[in-house]
Amino acid sequence: MRISELLARDKITVSCEIFPPKKDGAFGRIFEVVDQINQLNVDFISVTYGAGGSTSKKTVEVASYIQNKHCKPALAHLTCCDSSKEEIQHRLEELKANGIENILALRGDRPENYSGGGSYTYAIDLIRDIKVQGDFCIGAACYPEGHVECEHKEDDIGFLKAKVDAGCDFLTTQMFFDNNIYYNFLYRVLAAGIHVPVIPGIMPVINSKQIKRSCELSGTALPPRFKAIADKFSDVPEAMQQAGIAYATEQIIDLVANGVKYFHIYTMNRPETAAKIMENLSCILR
Ligand code: FAD
């Protein structure tokens, strides 16, 4: 099923993200993760794509397992910054052959010594190719706090509008820890004439040190309320996990209370975390 159809229903759509582990030895466990997330009755599962080829082949394999073993819509991520047109064409054929209809089209993070010259410069180039080459439902990434490389938020929104006009059916946000940032972004997106669903990406923080680093890299702000929690509980993993789950749950309740009809959980391959959030929301999602 196409994700655009799921998002159009008069019902809350819940999705989870997983990533294929980099080490071959850990790969087998990803299928257990999928099995456990599948039991949570989420509406679709997305699978990240390792830029640089590290886990790129595995994305199709895991997405196929979700789609064909569990008959659950899979969203396969696909990055382009280090791929040739031929490689992308090959990947699209693989996805089609496995019955995968949904792609999150991304540029990917450029390597430090990037000097340009690849087949793809921005995600929009990939979106155009996917649109031409197959009948896929296409999603893209967006950044409520602006993408780190873009100096001006207005430019970022302008580029986002171009991505959507090139054929995007929906957008998924970078994590954020203050819902007002998302609501403000929705206003700016609408003002720019972007009318596709913008799925909020919620990150349950269970390791505060790791998240501080990834927020620094992605330019995601940590609000004082969140910082106080992280400072207090970061050295007690069970307490941090409980607080992180409560924080993510509250964010989702606020989104639903304000009429948002979809949310995406960055599970970090921890189905137990997603399970606790879903349990906290059991009556709310009914
Ligand atoms: P783009 O949309 O191409 O934008 C990149 C930058 O270029 C932005 O600053 C934008 O403003 C600017 N820009 C866009 N168009 C133009 C233009 N025409 N001229 C000048 N500047 C322009 N990474 C992975 O490697 N694998 C994954 O599976 C993955 N999944 C993700 C899922 C989500 C929901 C999100 C939010 C991010 C994900 N990422 C993933 C990270 C992503 O690849 C990086 O954030 C990357 O730096 C940008 O990708 P993009 O598709 O947003 O790029």
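Heavy-atom basis, side chains included; hydrogens, waters and symmetry copies ignored. Just follow the structure's listing: the first ligand is 1, and inside any ligand the first atom is 1. All figures in this text were calculated on a predicted structure; none of them were measured in a lab. Numbering starts at 1 and runs along the sequence shown.
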- Message: Looking at Asp156 and His147, would you say the former's side chain and the latter's main chain have a donor-acceptor pair under 3.5 Å?
- Response: yes
- Cation-pi geometry met for Arg110 and Tyr122 (6.0 Å, 45°): yes
- Note on the structure: ligand 1 to Leu104, heavy atom cutoff 4.0 Å, flagged ligand atoms 32 (C)
- Pair Glu93 + Lys96: basic N to acidic O under 4.0 Å: no
- Could you tell me which atoms of ligand 1, counted from 1 in the order shown, lie closer than 4.0 angstrom to a heavy atom of Gly108? 43 (O), 46 (C), 47 (O), 49 (O)
- Message: Please report whether ligand 1 has a polar contact with Thr121, defined as an N or O pair separated by less than 3.5 Å (distance criterion only).
- Response: no
- Residue Asp109 vicinity, atoms of ligand 1 by number, heavy atom under 4.0 Å: 43 (O), 44 (C), 45 (O), 46 (C), 47 (O)
- Out of Phe159, Tyr266, Tyr49, Tyr143, who gets a non-hydrogen atom closest to atom 16 (C) of ligand 1? Phe159
- Does the pair Glu250/Arg225 count as a salt bridge with the N-to-O cut at 4.0 Å? yes
- Query: Looking only at non-hydrogen atoms, which of Tyr120, Tyr122, Phe19 approaches atom 22 (C) of ligand 1 most closely?
  - Reply: Tyr122
- Item | Within-cut-off N or O pair, Thr48 and ligand 1, under 3.5 Å | no
- Going by distance only, is there an N or O of Thr173 that falls short of 3.5 Å from an N or O of ligand 1? no
- What are the atoms of ligand 1, with element, lying closer than 4.0 Å to any heavy atom of Thr79? 24 (C), 25 (O), 26 (N)
- Query: Does the distance from a Lys or Arg side-chain N to an Asp or Glu carboxylate O, for Asp43 and Lys11, drop under 4.0 Å?
  - Reply: yes
- Quick one: do Lys227 and Asp231 make a salt bridge, cutoff under 4.0 Å? no
- Message: Using a 4.0 Å cutoff against the non-hydrogen atoms of Gln174, which atoms of ligand 1 qualify?
- Response: 36 (C)
- Item | Stepwise side-chain hydrogen bond (donor to acceptor under 3.5 Å, both in side chains) check, Ser15 with His264 | CA-CA 5 Å; Ser15 52; His264 183 67; 2.7 Å; yes
- Message: So, regarding Arg107 and ligand 1 (criterion: nitrogen or oxygen to nitrogen or oxygen, under 3.5 Å), is there a contact or not?
- Response: yes
- Query: Can Lys209 and Asp235 be counted as an ion pair, charged N to O under 4.0 angstrom?
  - Reply: yes
- Message: Side chain, backbone, both or neither: which applies to Lys163 and ligand 1 if a contact is any heavy-atom pair less than 4.0 Å apart?
- Response: side chain
- Report yes or no: does a heavy atom of Ile124 sit under 4.0 Å from some atom of ligand 1? no
Atom pairs and distances, side-chain donor-acceptor, residues 269-278, under 3.5 Å, sequence neighbours left out:
unit_1, atom_1, unit_2, atom_2, d
Asn269, OD1, Phe19, N, 2.9
Asn269, ND2, Phe19, O, 2.8

